[in-house]
Amino acid sequence: MLEYVRHVEDSHRKSFGQFFTRPDIAEFMAHWVLASGKKSLFDPAFGLGVFRDVVPKNSSIEFSACEADPGIVEFWERQTGESSEFITVEDYLRSWGKKHSNIVCNPPYMRFQKFLNRDAVSREFQRHLGIRLSGYTNTASAFLLKSLSELGASGRMAYIMPLEFLNTGYGWLVKERLIESGHLFAILGFDCEKDIFPDATTSVGIILYDRTVRHASVKFYSVKSLSELEAFDEVEPVSDIPLGKLDPKSKWLPLFQEQEFGADPTRTTTLDLFGRFSRGIATGANEFFVLRPSTAKEKSIDEKLECVPCITRSSQIHKPVFDTADYNRLHDSDKPVLLFSVSGTHSKEAEKYIRFGENAGFNERFLTKNRRPWYKTEKRNSSPLLLGVFSRGGYKVILNRSEVLNLTCFHGFQPNLFGRRYLEHLFLYLLSKTGREIISLSMRKYGDSLDKFEPNDLNGALVPSQDFFSSIPAEKASEAVKAVKETEKLPQWAEDFFAPLKISGSDYQE
């Protein structure tokens, strides 16, 4: 593997979504799969052949594989001196009509939006499986869905892959297919993902699927160290959930953790009752669209007519309450807080700047090339609540009392008519210790202790009900916000007020 990485550019590996499996993990997966008794093993993403390497050479196991990258197959042949006649060099997602007794795989990982053949692949899935793939589906999940349809009637399958689909909107379809026939045995989540994929930026795990038996429940394991795989039969699962209680539309990542607490269902509701979060403005080329005041002046771009005030980085806001004076301080310090924003009619200076952008190729970026015109930015209203997309050790929540817009570093909340009344209440809850703990149940866990929220994660998160919020008079909520602005801390009475919303794990599960 190291030899391949030294000789092949990162751009090539990324274009094929190549992340390589450790031999000890490959051995665990292959041996578990071969316990089905079937004397064959198929790998849909051969790579450098680690799953073939762990199959004893003198065994009667028939090994076959598929690989989309002819370059890596040629490299494998040169390194091993062996023939690749058992490898079919083709795109697995475009090849249909085959069945396999056993399957083991580390599928390529890339966002489906970056997969060049995604439209053709989507049509194939619709035709063969009756599945309409979401644009957010990653290639690993597409591989898994296809392999599920190809696994033989009494075979086993093991997949090592990102587990983000367990908490995403597009993932409900994958989870539904996994549990619909009762053959999903277990999912292993790794707490030591950096030991598996050093470059991992997402949670990693192994899916064990067994067509030899119908299982009444699914086991969820939290693997603390790879040594646990050596005596896996002795490891106790964190959760063993009956199939009837596994909802494919719910988030499954919390099932890898002891359920120490939950939210009182009699006092909570989902946040979307009060409004919705949506992602910030995506420019597709911040180097072009984001300006410092000095840059706008230098290029004679009219700030008031051809720019809008905008928070462009999470680090620009340090305090939980942000107002116009805070923005002005950023502006006067020449921070990059202007968003170039023009439409069809604009000045000669703006036109000159647009031509500069085209000469630099900004109009050919992934997002900009699909816009008409390419330099037209998304139209948004300022959001009175902002919540940080990524975090380590706690999310950032901001009460925005300015008219400033925000880029994708924050999700922005737009209250509905009902939610405007409780805007300050929501802010206080999101800021509280109890609120943070409950809201965090809906976040996605990535590698290196990185947490992430998607807008729909937040919109479905649990918050106090209207009746519970109504216990705080509007005047008292405003006083608490004023205290937060002055001290950057939530008053203790507010912490105490929200505390009863959190209940113990045993009560929650009941």
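Not measured: the values here are computed from a predicted model.
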Visitor: If only side-chain N and O atoms count, and only distance matters, is there a donor-acceptor pair under 3.5 Å linking Gln414 with Ser383?
Guide: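 Yes, side-chain donor-acceptor contact under 3.5 Å.
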
Visitor: Ignoring hydrogens, what is the shortest heavy-atom contact between Leu338 and Pro293? Give both atom names and the distance.
Guide: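 Heavy atoms of Leu338 and Pro293 come nearest at CD1-CA, 3.7 Å.
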
Visitor: Could you tell me whether the side chains of Thr434 and Glu495 share a donor-acceptor contact shorter than 3.5 Å?
Guide: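 No, because no side-chain N or O of Thr434 sits under 3.5 Å from a partner of the opposite role on Glu495.
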
Visitor: Can you tell whether the side chains of Glu349 and Lys299 come within less than 4.0 Å, N to carboxylate O?
Guide: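 Salt bridge: no.
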
Visitor: Does a side chain donor of either Thr368 or Asn363 reach within less than 3.5 Å of an acceptor in the other side chain?
Guide: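 Judged by distance alone, the side chains do not pair up.
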
Visitor: Do Glu378 and Arg371 sit within salt-bridge range, that is, some charged N less than 4.0 Å from a carboxylate O?
Guide: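 Between Arg371 and Glu378 there is no salt bridge, as every charged N stays at least 4.0 Å from the carboxylate O atoms.
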
Visitor: Regarding Asp326 and Arg329, does a basic nitrogen lie under 4.0 Å from an acidic carboxylate oxygen?
Guide: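 A salt bridge is present here (some side-chain N lies under 4.0 Å from a carboxylate O).
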
Visitor: For Lys376, I'd like to know if atom NZ has over 12 heavy atoms of other residues, nucleotides or ligands within 6.0 Å.
Guide: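 Result for NZ/Lys376: open.
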
Visitor: Got more than 12 heavy atoms from elsewhere within 6.0 Å of CZ, Arg313?
Guide: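 No, the 6.0 Å shell around CZ holds no more than 12 heavy atoms from other groups.
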
Visitor: Give a yes-or-no answer on whether the side chains of Lys396 and Ser314 include a donor-acceptor pair shorter than 3.5 Å.
Guide: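 Present: a donor and an acceptor within the cut-off.
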
Visitor: Between Ser217 and Asp240, is there a side-chain donor-acceptor contact under 3.5 Å, judged purely by atom types and distance?
Guide: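 Looking only at side-chain atoms, Ser217 and Asp240 do form a donor-acceptor pair, the distance falling under 3.5 Å.
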
Visitor: Verify whether one side chain among Tyr159 and Ser147 offers a donor that lies under 3.5 Å from an acceptor in the other.
Guide: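 A donor-acceptor contact under 3.5 Å links the two side chains.
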
Visitor: Measure from NZ or CZ of Lys175 to the centre of the six-membered ring of Trp252, then state whether that distance is under 6.0 Å and the direction lies within 45° of the axis.
Guide: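 The answer is yes; both the distance and angle limits are met.
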
Visitor: Under a 3.5 Å cutoff, is there a donor and acceptor pairing between the side chains of His346 and Glu351?
Guide: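 Side chains of His346 and Glu351: pair found under 3.5 Å.
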
Visitor: Please say whether the positively charged group of Lys485, taken as NZ for Lys or CZ for Arg, lies over the ring of Phe322, i.e. under 6.0 angstrom from the six-membered ring centre and within 45 degrees of the axis.
Guide: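 Judged by the rule, Lys485 and Phe322 form no cation-pi pair.
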
Visitor: Examine the side chains of Lys476 and Ser478 and answer whether a donor and an acceptor come within less than 3.5 Å of each other.
Guide: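 The answer is no; no qualifying pair exists.
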
Visitor: Taking atom types as modelled and ignoring hydrogens, do the side chains of Glu303 and His331 form a donor-acceptor contact shorter than 3.5 angstrom?
Guide: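 On atom types as modelled, these side chains qualify, holding a pair under 3.5 Å.
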
Visitor: Say you draw a straight line from OG of Ser465 to CG of Leu501; how long is it, rounded to the nearest 0.5 Å?
Guide: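 Spacing of OG (Ser465) from CG (Leu501) equals 8.0 Å.
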
Visitor: Any sub-3.5 Å donor-acceptor pair from Ser239's side-chain atoms to Ile241's backbone N or O?
Guide: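 The answer is no, because no donor-acceptor pair under 3.5 Å joins these two groups.
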
Visitor: Between Glu424 and Arg401, is there a salt bridge with N-O shorter than 4.0 Å?
Guide: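 Salt bridge flag = yes for Glu424 with Arg401.
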
Visitor: Is the CZ atom of Arg132 crowded by more than 12 outside heavy atoms at less than 6.0 Å?
Guide: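 Result for CZ/Arg132: open.
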
Visitor: Check this for me: Glu403, atom CD, are more than 12 non-hydrogen atoms of other residues, nucleotides or ligands nearer than 6.0 Å?
Guide: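 No, the 6.0 Å shell around CD holds no more than 12 heavy atoms from other groups.
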
Visitor: Could you tell me whether Arg292 and Glu298 have a side-chain N and a carboxylate O separated by less than 4.0 Å?
Guide: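 Looking at Arg292 and Glu298, the cut-off is not met.
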
Visitor: Strictly under 6.0 Å, is that where the ring centroids of Phe453 and Phe390 end up?
Guide: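 That pair fails the under 6.0 Å test.
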
Visitor: Return yes if a side-chain donor-acceptor contact under 3.5 Å exists between Ser300 and Tyr353, otherwise no.
Guide: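 No, because no side-chain N or O of Ser300 sits under 3.5 Å from a partner of the opposite role on Tyr353.
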
Visitor: Under 3.5 Å, is there a donor on one side chain and an acceptor on the other for Asp119 and Ser122?
Guide: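 Ser122 and Asp119 do not have a side-chain donor-acceptor pair below 3.5 Å.
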
Visitor: Examine Lys251 relative to Trp172 and say whether NZ or CZ is less than 6.0 Å from the centre of the six-membered ring and inside a 45° cone about the ring axis.
Guide: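 Negative - Lys251 is either too far from the ring of Trp172 or too far off its axis.
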
